[in-house]
Visitor: 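Supplied in structure tokens, the structure appears directly below.
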Amino acid sequence: MKNALVLRTTVALALSGLVLAGCGKSEAGSADEGTVKVGVVLPFSGVQATIAKLEGQGAEVAAKMINDEGGIDGQWEIELVEVDDQLDPARSATVVRDLNDEGVQLAIGGQTSDLCKSSAEASQRFNLTFIGAHCTSPELVDPPITDNFFMIGQQMTDLATAIGTGLAKRYPDIETWDVVTYDVEVMRGSWDIAKEAMEAELGREVTVGEQYSVPIGATSMRKEISGLVSAGDKGDRGLFLGVYGAGTTSFIQQAKPTGLLDEYGVLAQTGVYWPTATALDGEAPPIYNVHDYFYACQDDPENDAFVAEFEEMTGEKPDAGAYQSYLAIKLLEAAVTEAGTTDSAEVQEALQGLSIETPMGPTMDIGAESHAGKGGVTTALLQGDPDAPQGVSITECDVFPVD
């Protein structure tokens with residue numbers, strides 16, 4: 001990598017001879033001669049590793065762009081320290097302790113709300129500032145579960161409201177919805193909120209057909225698919241998926257031989273779809289998706305710069321997870337600049353009420369009391385297209401501001 005950006009996949013690869021960041025400050029506010037270490041806590045191995053890779057790359061791009069401009073406030077270059085929580089909340093205490101041993105006092109991550117909760121609680125013992133970049137549960141904020149925790153992933157209530165509203169506007173003739181979600185509260189609740197938003201927009205009740213919950217990390221959904229296949233004619237039915245990543249891939253692969261996906265009037269999903277869609281080599285089924293960000297839906301100079309840098313570094317387009325990690329690093333940059341120091345306690349104080357511009361266009365505003373970031377939510381139809389970048393077209397974009 002250019003400049004002083006050093007990426008490591010485990011804390012065991014720490015560079016020797018560096019003074020531990022966060023253990024003390026020089027007069028300039030830096031503990032490490034112009035370097036600030038930032039932890040990146042994600043499941044880099046296991047069933048959601050593909051998503052974690054993109055999320056990690058978003059952080060890398062942000063750090064590189066900042067370092068190429070001379071570092072944070074012209075004083076501190078960013079060194080990322082990646083640790084693998086293996087999608088296991090029980091590992092949070094271990095990886096956060098490892099980060100603390102490395103002198104890391106600022107970190108981002110949390111692919112799920114459960115992981116954000118456990119990481120925040122573990123990091124509180126070390127007063128380590130933790131930004132939940134990818135979690136969405138409103139129960140984590142307002143008030144925040146710990147004083148050192150901040151969340152910038154848009155809350156599932158906002159995501160589900162947006163997709164419900166968008167589906168009602170674009171597909172008003174769908175009479176009945178079948179539902180498959182992960183068996184976790186935030187994903188089950190996403191359907192309930194989306195349904196309420198549909199009904200508010202349509203002015204009528206929405207009928208629920210078949211409804212299933214599957215364990216997070218499940219690789220077989222054949223039983224649920226069999227139930228959906230036998231549910232009758234689906235021309236005026238929709239299928240709502242509250243799964244993501246490997247779960248979406250498994251569902252599509254197992255449902256494809258049955259012809260199920262071609263029978264529904266519309267497929268919709270609240271979980272991230274982009275990594276699955278790109279892996280299907282131009283043959284991804286059309287799914288109406290919601291997330292913080294889709295690169296093709298934004299028209300903003302900062303987005304152009306982010307997309308260009310991400311593509312130069314990785315050869316690919318960024319997804320929503322990459323955007324969230326990018327934004328988390330940019331938020332830390334703004335907070336350190338505001339605080340004039342890398343000290344964790346002062347960075348936390350600077351984060352409260354902070355606002356930054358985003359590649360989406362709307363600002364990201366961090367609540368002084370809630371510690372929740374408010375930005376925007378985007379809905380779009382993602383569909384396999386061999387002629388589109390990475391084999392996926394992005395159309396029917398709508399951006400919903402979050403108040």
Side-chain angles (χ1 to χ4, degrees), residues 1 5-13 38-64 78-92 94-96 98-99 104 106-120 122-123 130-137 151-154 182 184 186-187 216-219 243-250 269-279 289 291-293 295 306 310 313-329 332 390:
M1 305 298 301
L5 176 60
V6 180
L7 301 176
R8 294 164 293 165
T9 57
T10 66
V11 295
L13 297 178
V38 177
V40 181
V41 185
L42 291 167
F44 288 105
S45 63
V47 295
Q48 302 298 358
T50 299
I51 293 177
K53 178 182 177 182
L54 287 163
E55 291 166 343
Q57 288 171 333
E60 294 172 26
V61 168
K64 179 181 181 298
I78 298 173
E79 178 186 333
L80 300 183
V81 183
E82 296 181 349
V83 290
D84 184 2
D85 61 24
Q86 298 177 12
L87 206 64
D88 180 5
R91 277 187 52 82
S92 296
T94 299
V95 298
V96 169
D98 289 343
L99 288 176
V104 174
L106 309 176
I108 71 167
Q111 192 180 88
T112 69
S113 295
D114 287 344
L115 290 169
C116 276
K117 183 176 186 294
S118 58
S119 294
S123 62
F130 191 86
I131 295 181
H134 314 292
C135 43
T136 60
S137 174
M151 186 172 86
I152 64 167
Q154 297 306 282
Y182 278 137
V184 293
V186 68
M187 300 308 285
I216 191 168
T219 57
V243 296
Y244 58 87
T248 306
T249 302
S250 296
Q269 179 174 333
T270 50
V272 60
Y273 181 44
W274 175 259
T276 295
T278 57
N289 196 205
H291 220 304
D292 295 18
Y293 167 93
Y295 81 89
F306 168 53
F310 191 93
M313 178 182 286
T314 69
E316 299 178 347
K317 300 289 189 182
D319 76 331
Y323 162 81
Q324 290 168 324
S325 290
Y326 167 90
L327 198 58
I329 297 295
L332 284 177
Q390 293 179 247

Visitor: Side-chain contact, heavy-atom cut-off 4.5 Å: Tyr244 with Thr112?
Guide: yes

Visitor: So, taking the atom named CD in Glu55 and the one named CD in Glu82, what distance separates them when rounded to the nearest 0.5 Å?
Guide: 11.0 Å

Visitor: Under a 4.5 Å cut-off applied to non-hydrogen side-chain atoms, are Thr270 and Met187 in contact?
Guide: yes

Visitor: Kindly compute the distance separating CD (Gln57) from CG (Asp319), expressed to the nearest 0.5 Å.
Guide: 9.0 Å

Visitor: Can you name the side-chain contact (heavy atoms from CB on, under 4.5 Å) partners of Ala277, sequence neighbours left out?
Guide: Tyr273, Ala284, Val392

Visitor: Kindly write out the residues that satisfy side-chain contact (heavy atoms from CB on, under 4.5 Å) with Lys317, not counting sequence neighbours, or none if the list is empty.
Guide: Trp274, Tyr295, Val307, Glu311, Pro389, Gln390

Visitor: In Å, rounded to the nearest 0.5 Å, how long is the span from CG of Leu332 to CG of Leu106?
Guide: 5.5 Å

Visitor: Gly109 and Cys116: which non-hydrogen atoms are nearest, and at how many Å?
Guide: O-SG, 4.0 Å

Visitor: List, one per line, each side-chain donor-acceptor pair under 3.5 Å for residues 42-50, sequence neighbours excluded.
Guide:
from	atom 1	to	atom 2	distance (Å)
Ser45	OG	Asp84	OD2	2.5
Gln48	OE1	Ala246	N	3.3

Visitor: Are Leu54 and Phe310 close enough that some pair of their side-chain heavy atoms sits under 4.5 Å apart?
Guide: yes

Visitor: Tell me every residue that passes side-chain contact (heavy atoms from CB on, under 4.5 Å) with Ala59, counting only those two or more places apart in sequence or in another chain.
Guide: Val40, Leu80, Ile108, Ser325, Ile329

Visitor: Using side-chain heavy atoms (C-beta onward) and a distance below 4.5 Å, is Met151 in contact with Cys135?
Guide: yes

Visitor: Report yes or no: does Ser250 contribute a side-chain atom to a donor-acceptor pair with the main-chain N or O of Gly247 at less than 3.5 Å?
Guide: no

Visitor: For a quick test of reading the model, state the closest non-hydrogen atom pair linking Leu99 to Ala107 and the distance between them.
Guide: CD1-CB, 4.3 Å

Visitor: Is there a donor-acceptor contact under 3.5 Å linking the side chains of Thr276 and Thr249?
Guide: yes

Visitor: Quick one: CD on Gln269 to NE2 on His291, what's the gap to the nearest 0.5 Å?
Guide: 9.0 Å

Visitor: Could you pull out all residues at least two apart from Tyr323 that satisfy ring-ring contact (aromatic ring centres under 6.0 Å, His included)?
Guide: Tyr293

Visitor: Mind checking whether Phe306 and Pro318 have side chains closer than 4.5 Å, heavy atoms only?
Guide: yes

Visitor: Does Ser119 have any side-chain contact (heavy atoms from CB on, under 4.5 Å) partners at least two apart in sequence or in another chain, and if so, which?
Guide: Val41, Ser92, Phe130

Visitor: Nearest 0.5 Å, please: how far is CG in Asp292 from CG in Leu327?
Guide: 8.5 Å

Visitor: How far does CD of Gln111 sit from CD1 of Ile51, to the nearest 0.5 angstrom?
Guide: 5.0 Å

Visitor: Taking the side chain from Asn289 and the backbone from Gly271, do they hold a donor-acceptor pair closer than 3.5 Å?
Guide: yes

